Amino acid sequence: MPVLKNFSVINRPARMRIFQALNGVELSINQLADYLTDVPKPSLYRHVHKMLEAGVIQVAGTRHINGIEERFYTACEG
């Protein structure tokens, strides 16, 4: 497994689980919420935002549904 640049960012249980869920796949916040049922959706948004800023995850793609942009995230390597 590659060494993470900002391990301190994912050194929290919820963020580690988000990172593991996004490793090798692309998921939206809604899909993450379905997978991590014990993490409230507002917390998911906050954690994902912190992880994006730190560069440990990235936006892998987007799609537009009824004028709303849905983003899909994936874990970054190394």
Side-chain angles (χ1 to χ4, degrees):
M1 180 166 184
V3 176
L4 293 174
K5 353 176 204 188
N6 293 321
F7 180 75
S8 62
V9 172
I10 64 167
N11 196 17
R12 290 180 162 218
R15 291 183 191 163
M16 180 62 78
R17 291 175 57 217
I18 292 168
F19 183 79
Q20 289 171 336
L22 294 174
N23 193 17
V25 296
E26 299 174 4
L27 298 174
S28 68
I29 292 288
N30 290 327
Q31 292 169 325
L32 279 170
D34 290 342
Y35 183 73
L36 303 171
T37 56
D38 61 323
V39 182
K41 201 180 274 189
S43 293
L44 279 175
Y45 279 106
R46 187 178 68 250
H47 290 310
V48 165
H49 181 72
K50 289 275 188 191
M51 294 169 74
L52 276 170
E53 285 180 340
V56 295
I57 64 172
Q58 64 187 1
V59 176
T62 59
R63 73 176 176 182
H64 294 276
I65 302 173
N66 298 328
I68 298 172
E69 182 182 80
E70 182 177 33
R71 294 180 181 176
F72 293 85
Y73 305 94
T74 190
C76 295
E77 292 185 27

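Quick caveat, the model's predicted, so the values are computed rather than measured.
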T74 side chain vs V25 backbone, donor-acceptor pair below 3.5 Å: yes
Please give me the minimum heavy-atom distance between G55 and C76, naming the atom from each residue. O-SG, 3.5 Å
From Y45 OH over to K41 NZ, what is the distance, rounded to the nearest 0.5 angstrom? 5.5 Å
Between CZ of R71 and CD of Q58, what distance do you get to the nearest 0.5 Å? 13.0 Å
For Y73 and V59, what are the C-alpha separation, side-chain angles and deciding distance, and is it a side-chain contact (heavy atoms from CB on, under 4.5 Å)? CA-CA 5 Å; Y73 305 94; V59 176; 3.8 Å; yes
Measuring from atom OG1 of T62 to atom CD1 of I68, what distance do you get when rounded to the nearest 0.5 angstrom? 13.5 Å
Criterion side-chain contact (heavy atoms from CB on, under 4.5 Å) on R17 and Y35, from CA distance to verdict: CA-CA 10 Å; R17 291 175 57 217; Y35 183 73; over 6 Å; no
Spacing of I10 atom CD1 and M16 atom CE [to the nearest 0.5 Å]: 4.0 Å
Is there a path of hydrophobic side-chain contacts, each under 4.5 Å between heavy atoms of I/L/V/M/F/W/Y residues, joining I29 to I57? yes
Check whether R15 reaches the backbone of M51 with its side chain - one donor and one acceptor, N or O, closer than 3.5 Å. no
Rounded to the nearest 0.5 Å, what separation is found between the CG atom of L36 and the CD atom of Q20? 9.5 Å
Honestly curious: do F72 and V39 fall in one hydrophobic cluster under the side-chain, below-4.5 Å linking rule? no
Spatial distance of atom OG (S28) from atom CG (D34) [nearest 0.5 Å]: 8.0 Å
Which atom names give the shortest non-hydrogen contact between L32 and I18, and what distance separates them? CD1-CG2, 4.3 Å
